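In what follows, every chain begins at residue 1, and chains take the letters A, B, ... in the order their sequences are listed. Given the structure is predicted, the values throughout are model-derived calculations rather than measurements.
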Amino acid sequence: AQSVTQLDSQVPVFEEAPVELRCNYSSSVSVYLFWYVQYPNQGLQLLLKYLSGSTLVESINGFEAEFNKSQTSFHLRKPSVHISDTAEYFCAVSETLGRLYFGRGTQLTVWP
Amino acid sequence: DGGITQSPKYLFRKEGQNVTLSCEQNLNHDAMYWYRQDPGQGLRLIYYSQIVNDFQKGDIAEGYSVSREKKESFPLTVTSAQKNPTAFYLCASSIRAGYYNEQFFGPGTRLTVL
């Protein structure tokens with residue numbers, strides 16, 4: 001089974017500052033990687049995913065993540081955050097049969 | 001609009017009672033999933049179903065039961081055997097069970113057992 005580690009449970013930043021949310025996974029075999037975002041009392045929404053091809057993937061709202069196979073990492077970055085980015089972010093790894101293994105989540109809080 | 005609905009959004013039950021959480025999808029997805037979310041724990045898989053009339057236990061199936069009689073419906077019953085049922089429950093679906101298929105999530109049901 002996969003193990004997904006999100007190294008920071010809380011990340012506070014000021015508006016317009018850059019941010020990096022870290023994610024490491026346990027297996028170096030072929031994997032498929034996802035970042036989901038959750039706003040309070042809501043379900044999860046897919047932010048971006050890595051399936052194959054370019055190791056840098058981008059979302060429509062300015063987030064990007066880079067797949068690093070040698071370091072088994074898939075860190076999420078944004079060069080300038082907004083208050084509306086305040087949410088909990090989950091990294092997930094997929095194996096066969098569609099099972100997703102989730103990290104424990106990182107609460108991003110953006111202060112004005 | 002296509003999507004996943006979960007009802008109710010908030011549910012209160014007395015200890016010792018069974019309770020069933022509803023999950024319906026109109027996305028024509030084959031696979032459906034139930035997760036439990038607790039603060040600081042991430043999401044843990046309870047049960048999943050790859051196709052109608054078939055389902056498998058996830059990592060924390062004890063005290064829960066499911067059925068998959070229709071493609072669009074995957075109800076979860078929290079039984080009195082579940083020792084700590086208070087949690088946020090999330091239902092998800094994907095086109096089919098496969099590692100390249102993203103999962104779509106419903107809005108969740110917050111269950112509180114008094």
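Using a 4.5 Å cut-off between heavy atoms, B:Gln56 does not touch chain A at all. Using a 4.5 Å cut-off between heavy atoms, B:Leu43 contacts chain A through both its backbone and its side chain. No part of B:Tyr89 comes within reach of chain A, as not one of its non-hydrogen atoms sits under 4.5 angstrom from that chain. Of the two parts of A:Gln38, only the side chain, counted from C-beta on, holds a non-hydrogen atom closer than 4.5 Å to a non-hydrogen atom of chain B. Looking at A:Leu46, only its side chain comes within 4.5 Å of chain B, counting heavy atoms on both sides.
For CD of A:Glu15, the number of neighbouring non-hydrogen atoms (other residues, nucleotides, ligands) closer than 6.0 Å is greater than 12. The environment of B:Lys9 atom NZ is dense: over 12 non-hydrogen atoms of other residues, nucleotides or ligands sit within 6.0 angstrom. The environment of CD1 in A:Ile60 is sparse: at most 12 heavy-atom neighbours from other residues, nucleotides or ligands sit within 6.0 Å. Sparse packing is recorded around CZ of A:Phe14, with 12 or fewer heavy atoms of other residues, nucleotides or ligands lying under 6.0 Å away.
Interface remark: of the candidates B:Asp59, B:Asp38, B:Ile4, B:Asp59 forms the most heavy-atom pairs closer than 4.5 Å to chain A.
In terms of hydrophobic clustering, with Ile, Leu, Val, Met, Phe, Trp and Tyr side chains grouped at heavy-atom distances under 4.5 Å, A:Tyr101 and A:Phe74 are assigned to a common cluster. In the hydrophobic cluster analysis, where Ile, Leu, Val, Met, Phe, Trp and Tyr join through side-chain heavy atoms closer than 4.5 angstrom, A:Val19 is grouped apart from A:Leu7. In the hydrophobic clustering of ILVMFWY residues, with side-chain heavy atoms under 4.5 Å counting as a link, B:Tyr48 and B:Trp34 come out apart. Under a hydrophobic-cluster definition in which Ile, Leu, Val, Met, Phe, Trp and Tyr are linked whenever side-chain heavy atoms come within less than 4.5 Å, directly or via other members, B:Val113 and B:Val19 are assigned to the same cluster.
Rounding to the nearest 0.5 angstrom, the gap separating the OH atom in B:Tyr33 from the CZ atom in A:Arg99 is 10.0 Å. Rounded to the nearest 0.5 angstrom, A:Phe102 CZ and B:Gln103 CD are separated by 6.0 Å. Distance check, rounded to the nearest 0.5 Å: CG of A:Leu100 to OH of B:Tyr35 gives 4.5 Å.
The minimum heavy-atom distance linking B:Phe105 with A:Leu44 is given by the pair CB-O, 3.4 Å. B:Gln37 approaches A:Phe90 most closely through the heavy-atom pair NE2-CZ, 3.3 Å.
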